[in-house]
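So the structure is just underneath, and the comments pick up after that.
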Protein chains: 2
Amino acid sequence: MLKNSVRELRARYRLTQQDLAEKIEVSRQTIGLIEKGDYAPSITLALKMAKVFQVPVEQIFYLEGE
Amino acid sequence: MLKNSVRELRARYRLTQQDLAEKIEVSRQTIGLIEKGDYAPSITLALKMAKVFQVPVEQIFYLEGE
DNA sequence: ATAAAATGTAAACTTTAGTTGTCATTTTGT
DNA sequence: ACAAAATGACAACTAAAGTTTACATTTTAT
């Protein structure tokens with residue numbers, strides 16, 4: 001099962017969902033749905049996010065319970 | 001633009017597309033299309049692949065030319 | 001307390017990931 | 001050289017990502 005720490009990282013950088021959305025070129029709603037855990041984004045989105053937060057992808061998205 | 005080194009890693013482990021497909025639970029065709037660069041897989045697929053190859057996701061998938 | 005900004009949510013939609021089946025071509029092993 | 005295994009490719013399809021619009025609720029700042 002896929003989990004993520006987008007909300008925490010976003011808080012650390014004091015970005016709104018809108019801010020983050022713009023930086024990685026997706027809609028605000030998409031950020032919301034990802035934070036909620038509603039779906040597994042594309043690797044492209046994940047890589048862009050990792051760049052914004054300056055952490056490895058694995059530190060944002062990870063499989064829990066295999 | 002998204003690039004990847006799936007083919008190289010798969011060769012290193014001497015796995016067929018079919019083998020890899022089974023390990024990460026996708027179809028053989030999907031592996032072929034990813035190697036060809038036809039599309040950006042989900043982060044879930046990428047994480048599973050990273051596990052198989054025992055490398056960070058960034059070593060498999062990366063954005064080239066921003 | 002109030003207004004503005006931020007977030008949650010939902011429906012209807014478009015786009016793209018991923019599947020299944022099938023056949024042709026290439027590679028590998030004997 | 002030959003057969004078997006592996007890959008390429010394509011069409012038609014299904015499933016899921018991601019968008020847009022719109023409105024309700026919550027948070028934040030003054």
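Proteins get letters first, then strands, A, B, ... in listed order; numbering begins at 1 in each.
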With a 3.5 Å distance limit and no angle check, can you tell me whether [X] reaches the backbone of [Y] through a side-chain donor-acceptor pair?
X	Y	result
B:S5	B:E8	no
B:E58	A:P56	no
A:Y62	A:L2	no

Sub-4.5 Å side-chain heavy-atom contact between [X] and [Y]:
X	Y	result
B:F61	B:V6	yes
A:N4	B:I43	no
B:L45	B:I34	yes
B:L20	B:M49	yes
A:Y13	A:Q54	yes

Between A:K36 and C:dT9, does any side-chain N or O lie under 4.0 Å from OP1 or OP2?
->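 Affirmative; the distance criterion is met.
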Rounded to whole Å, please give me the gap between [atom1] in [X] and [atom2] in [N].
X	N	atom1	atom2	result
B:E22	D:dA5	CD	C1'	14 Å
B:I43	D:dA16	CD1	C1'	16 Å
A:F61	D:dA17	CZ	P	12 Å

Taking 4.0 angstrom as the limit, do B:R10 and B:E35 come out as a salt bridge?
-> yes
Let me have a per-nucleotide readout for nucleotides 17-28 of chain C, 5' to 3', with B, S or -, counting only protein heavy atoms under 4.0 Å.
-> SBBBBB------
Return the minimal non-hydrogen interatomic distance between B:S42 and A:A40, and the atom names on each side.
-> CB-O, 4.4 Å
When the rotation axes relating C1' atoms of four end pairs to the next four are compared across the helix from C:dA1-D:dT30 to C:dT30-D:dA1, five pairs an end, they differ to 10° by 70°
Would you jot down, in residue-number order, the residues of residues 7-17 of chain B having a non-hydrogen atom under 4.0 Å from DNA chain D?
-> B:R7, B:R10, B:T16, B:Q17
